[in-house]
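Each chain gets a letter, A, B and so on, in the order its sequence line appears, and its residues count up from 1.
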There are 2 protein chains.
Amino acid sequence: MKQSDIDDILINPDQYLRNVLVDNVIFGYHNKELKVLLQQPIALDKWTVTGGYIKKTESIEEAANRIAYSRTGLKNLFFQQFRAFGNPTRSIDGSKNAKNFTKLSGIEVPDDLWIFDYFVSVGFYTLTEFSMVKIEKGVYEAECQWWPIDDLPALMFDHEHIISEALKALRLHIAHYPIGYELLSEKFTLPEIHSLYETILGKPLDDRNFAKRLMATGIIVKLNETKRIGAHRSPFLYRFDKEKYNEGLENGAALAF
Amino acid sequence: MKQSDIDDILINPDQYLRNVLVDNVIFGYHNKELKVLLQQPIALDKWTVTGGYIKKTESIEEAANRIAYSRTGLKNLFFQQFRAFGNPTRSIDGSKNAKNFTKLSGIEVPDDLWIFDYFVSVGFYTLTEFSMVKIEKGVYEAECQWWPIDDLPALMFDHEHIISEALKALRLHIAHYPIGYELLSEKFTLPEIHSLYETILGKPLDDRNFAKRLMATGIIVKLNETKRIGAHRSPFLYRFDKEKYNEGLENGAALAF
DNA sequence: CTTTTATTCCGTTAAATATACGGAATAGTA
DNA sequence: TACTATTCCGTATATTTAACGGAATAAAAG
């Protein structure tokens, strides 16, 4: 939730949709590591993905973007809806109750307030270069930080499940559509994009076959420049052919590694 | 909506989630035809998919099942969530307003009642054998009937979009997981399952290669019986190997035709 | 200036998979 | 008995995927 979300929904409940919210699984890639952005509400010992409420004036996609912007400062991220989660017990955890809420917000709320009903969560995931992100912690968050995807802290509610479903969806997506535009610099080397795919898929990919297939799609083009990487042979630089890339996003680009 | 849903949500609004509902795209297959179950609210000229509100005591999956049961009389259908839809204009159509609502339900409702806020719709699709379905029309429905997938009537709101997304998801699903268990009799012939796949995918499939691949997955087994089909060679009967079939549902069964 | 180290960069071959396609067998009907 | 509509199989070819080793290069170390 952004800075004033908790306050805002209590003060202006009529401006928000009830019983439905957005949860963003923000994946961050940098230097061969895949991480996920989590936050820890004040006075609680478990972590959550970043999520928030939906205004009546915005679509669920706009809500996801607004909420992600409030945490990362980034706009126009690549977003993908992957699933909705909804059952009466998903947010029962001992932590979502009026007492904790009052402790957090300082606002006295009745025990049977509608915010303690169960919420259907619409899950989105997004991919960013995490060195570009300036994390903005919400006022009710004790912490907000990146966690390695294979070494997560204790998570609240069903958020571990949400993350694993998001990762599954991301890995499925990567097999059918191109990725990388938001994650690599404008010019990048083959080893760089190769590591990116290996990291996200969590498995090694033969470098020669990888390059062959990637080139075959036409989404990247080789430049006549190399990059200095110190005491090693200088790799060639490449860039995305944005048209082919977008076409791949539309119609699929078989990269089923 | 089932018989009393509209009444019920007005009388007992506290028992339902607000601003979020379930829409079921019910596909029906029979005799080489793929259809979708639509209903037409009384006094309106457009059609809708079958949908309904979610009780606070049930999960979204349970809601989808309950709502489908109220229309088809069938339980334990194969259900698949495919997407959520949510934006402020999705249900603006001239038809969702207090006047029409009163006309339908006979209950006077204020113009600014929360049910006229926008609802996030969680979309599920399901597949049934439509000769097995005994359609049960709701009291506020003028009609409820099957429509051929490629010849739909005028649809309300964004329901045409919802159906096309459901069909896209179904065709994607069929490429990765087995289908047919809910659609064919216990014993079926190769030509029968072959037509099923052709109909759903909307394109011809080579019969020899189809049979080869299907057998290779192990999800069907040949029986030592044939079926009488009149003046033609009697085709052999097959049945699903339920274990292999379920395993295919879990882990995928590459049938990418 | 020669050697060493770590990395990039290709190309070929074998195996697996997918595609294309024709003709014999069968159950009834005429 | 022959005719019709349908089931049922198998093989050859093309395409795709997977596996793999060795030469070239940039800098640092000796």
Side-chain angles (χ1 to χ4, degrees), chain A residues 31-32 171 174-176 178 180 184-185 187-199 201-239 248 251-257, chain B residues 31-32 171 174-176 178 180 184-185 187-199 201-239 248 251-257:
Chain A
N31 196 222
K32 306 195 184 187
R171 287 179 174 164
I174 204 180
H176 295 285
L184 299 169
S185 7
K187 298 173 180 181
F188 54 87
T189 68
L190 274 187
E192 281 165 0
I193 191 170
H194 180 226
S195 309
L196 169 64
Y197 271 77
E198 284 193 329
T199 304
L201 291 173
K203 66 180 183 191
L205 303 169
D206 182 278
D207 60 336
R208 291 152 288 189
N209 295 332
F210 176 83
K212 238 182 293 178
R213 272 206 251 177
L214 196 55
M215 290 305 291
T217 66
I219 62 173
I220 63 168
V221 296
K222 189 175 183 172
L223 302 175
N224 229 340
E225 313 167 53
T226 56
K227 179 175 183 176
R228 294 294 191 84
I229 54 159
H232 306 290
R233 177 171 181 175
S234 305
F236 281 97
L237 285 165
Y238 291 75
R239 63 167 179 75
N251 313 321
L255 282 170
F257 294 110
Chain B
N31 197 223
K32 306 195 184 187
R171 286 179 174 163
I174 205 179
H176 294 287
L184 299 169
S185 6
K187 298 173 181 181
F188 53 88
T189 68
L190 274 186
E192 281 166 0
I193 192 170
H194 180 223
S195 307
L196 169 64
Y197 271 77
E198 284 193 329
T199 304
L201 291 172
K203 65 179 183 191
L205 303 170
D206 182 278
D207 61 335
R208 292 152 289 191
N209 295 333
F210 175 82
K212 235 182 295 179
R213 271 205 252 176
L214 195 56
M215 291 305 292
T217 65
I219 63 173
I220 63 169
V221 296
K222 190 177 184 173
L223 303 175
N224 228 340
E225 314 166 54
T226 56
K227 179 176 184 175
R228 294 292 191 85
I229 55 160
H232 305 292
R233 176 171 181 176
S234 305
F236 281 98
L237 286 165
Y238 291 75
R239 63 168 178 76
N251 313 322
L255 281 169
F257 293 110

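Protein chain A contacts DNA chain C over a range whose 5' and 3' limits, counting nucleotides with an atom under 4.0 angstrom from a non-hydrogen atom, are C:dA6 to C:dT12.
Mapping A:S234 and B:T226 onto DNA chain D by nearest heavy atom places B:T226 closer to the 5' end of the strand. Nearer to the 5' terminus of DNA chain C, by closest-nucleotide assignment, is the contact made by A:A231 (compared with the other of A:T189 and A:A231). Each of B:R208 and A:D206 lies near DNA chain D, and the nucleotide nearest B:R208 is the one positioned closer to the 5' end.
B:R233 has its CZ atom 7 Å from the P atom of D:dC9, to the nearest Å. For the pair A:R213 CZ and D:dA19 P, the interatomic distance rounds to 11 Å; values are reported in whole Å. Rounding to whole angstrom units, CG of residue B:N209 and C1' of D:dT15 are separated by 14 Å.
The phosphate of D:dT11 has neither OP1 nor OP2 within less than 4.0 Å of any side-chain N or O from B:K212. Phosphate contact (OP1/OP2 of D:dA27, side-chain N/O of A:R228, threshold under 4.0 Å): present.
A:K222 comes within 4.0 angstrom of the backbone, heavy atoms only, and of no base.
For A:F210, the ring pair (Phe, Tyr, Trp, His ring centres under 6.0 Å) partners two or more places apart in sequence, or in a different chain, are A:H194, A:Y197, A:F257.
Taken from CG in B:N209 to CG in B:L214, the straight-line distance is 12.0 Å, to the nearest 0.5 Å. Atom-to-atom distance recorded for A:T217:OG1 and A:K212:NZ is 14.5 Å, nearest 0.5 angstrom.
In terms of heavy-atom proximity, A:L237 sits nearest to A:T226 at CD1-O, 3.8 Å. In terms of heavy atoms, B:E198 sits closest to B:L205 at OE2-N, 2.7 Å.
You'll find the side chain of B:F236 stays beyond 4.5 Å of the side chain of B:L190, heavy atoms only.
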